[in-house]
Amino acid sequence: MPLRQLRKEVFRANFMLVENGLVVLTWGNASGIDRARGLMVIKPSGMAYQDMRPEDLAVVDMDGVVVEGNLRPSSDTATHLALYKAWPDIAGVVHTHSIYATAFAQAGCPIPCYGTTQADFCPGDIPCVPPLTREEVEEAYEANTGKAIVRYYTERGLKPNEYPGALQQCHGPFAWGKSPVDAADNALILESVAKMAILTRGINPGVRPVPDYVLEKHYSRKHGPNAYYGQK
């Protein structure tokens, strides 16, 4: 994909966060990667979305060094890079502080799978990654945030394509996907199922997770080897 086209897609993904009510002020960022060139395009740090143009996006190499653009990249750049380096199949990453998903993150709780909406998205609870240690924060906070997510997935055998989003405890949600736009879509789903979970538990505090056989059916019919959801 030409770098100019990637800029446009990352720009679109960032504005999807605004359009879908996932960010306020400057809270959030989306990125995309050109793996052939070893370059990442990401939102500038602290820049208001309404003032941003595609040419304002920062282009960095895999060490986070700016190679194109006059603005500082997002302060979360190292987190995005850590995810890209660990997971070669992802091509877009999004971070927000969306209200309901962040509420779960601040509570230190995974988002429980109460129904088929979430089962269509991932095969279980959306993970909540424990907070960083003092040493990790002081050493390289942003890079270690990404590494903590990767470590959590690795230790539990979770696949990033099956669980395309997670919560970082005390922080907020991160989502990823096959493209920047796909990652933004996953961030919206993450927020939507978080809101549904909170409302569901408010209606019935004793609610139980969706039965495994229902969860497995819904996930497999959309993502399994014999999936039949959607068009060919």
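One finds the CG atom of Asp61 at 8.0 Å from the CG atom of Leu81 (value rounded to the nearest 0.5 Å).
Other residues, nucleotides and ligands contribute at most 12 non-hydrogen atoms within 6.0 Å of the CZ atom of Arg72. Around the NZ atom of Lys159, the shell of radius 6.0 Å holds no more than 12 heavy atoms that belong to other residues, nucleotides or ligands.
In this structure, Trp176 has its ring center closer than 6.0 angstrom to the ring center of Tyr153.
A heavy-atom distance below 4.5 Å is not found between the side chains of Ser192 and Tyr100. The shortest distance between side-chain heavy atoms of Ile149 and Gln168 falls below 4.5 Å.
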(request) Please lay out, stage by stage, how Leu190 and Phe121 fare under the test side chain to side chain contact (heavy atoms under 4.5 Å, CB included). (result) CA-CA 9 Å; Leu190 203 66; Phe121 176 63; 4.3 Å; yes
(request) I would like to know whether Tyr114 and Arg201 meet side chain to side chain donor-acceptor pair (under 3.5 Å); could you show each step before the answer? (result) CA-CA 9 Å; Tyr114 289 136; Arg201 203 147 61 187; 3.3 Å; yes
(message) If you apply the rule side chain to side chain contact (heavy atoms under 4.5 Å, CB included), what do you find for Ile33 with Met62, and how did you get there?
(response) CA-CA 9 Å; Ile33 190 169; Met62 296 306 288; 3.8 Å; yes
(message) Could you walk me through whether Leu215 and Gln118 satisfy the side chain to side chain contact (heavy atoms under 4.5 Å, CB included) test, starting with their C-alpha distance in whole Å, then the side-chain angles of each, then the deciding distance to 0.1 Å, before giving a yes or no?
(response) CA-CA 9 Å; Leu215 188 156; Gln118 188 165 322; over 6 Å; no
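Paired with Asn144 under the rule side-chain hydrogen bond (donor to acceptor under 3.5 Å, both in side chains), one option of Glu139, Glu136, Arg151 passes, and it is Glu139.
Between Tyr141 and His171, the angle of the ring planes stays under 30°, which puts this pair in the parallel group of the 30/60° scheme.
Phe15 pairs by the ring-ring contact (aromatic ring centres under 6.0 Å, His included) definition with Phe11, not counting sequence neighbours.
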Quiz: residues 18-30 side-chain donor-acceptor pairs under 3.5 angstrom, not counting sequence neighbours:
residue : atom : partner : partner atom : Å
Glu19   : OE1  : Arg12   : NH1          : 2.9
Glu19   : OE1  : Arg12   : NH2          : 3.4
Glu19   : OE2  : Arg12   : NH1          : 2.9
Asn20   : ND2  : Met16   : O            : 3.1
Asn29   : OD1  : His80   : NE2          : 2.7
Asn29   : ND2  : Ser74   : OG           : 3.1
Asn29   : ND2  : Asp76   : OD2          : 2.9

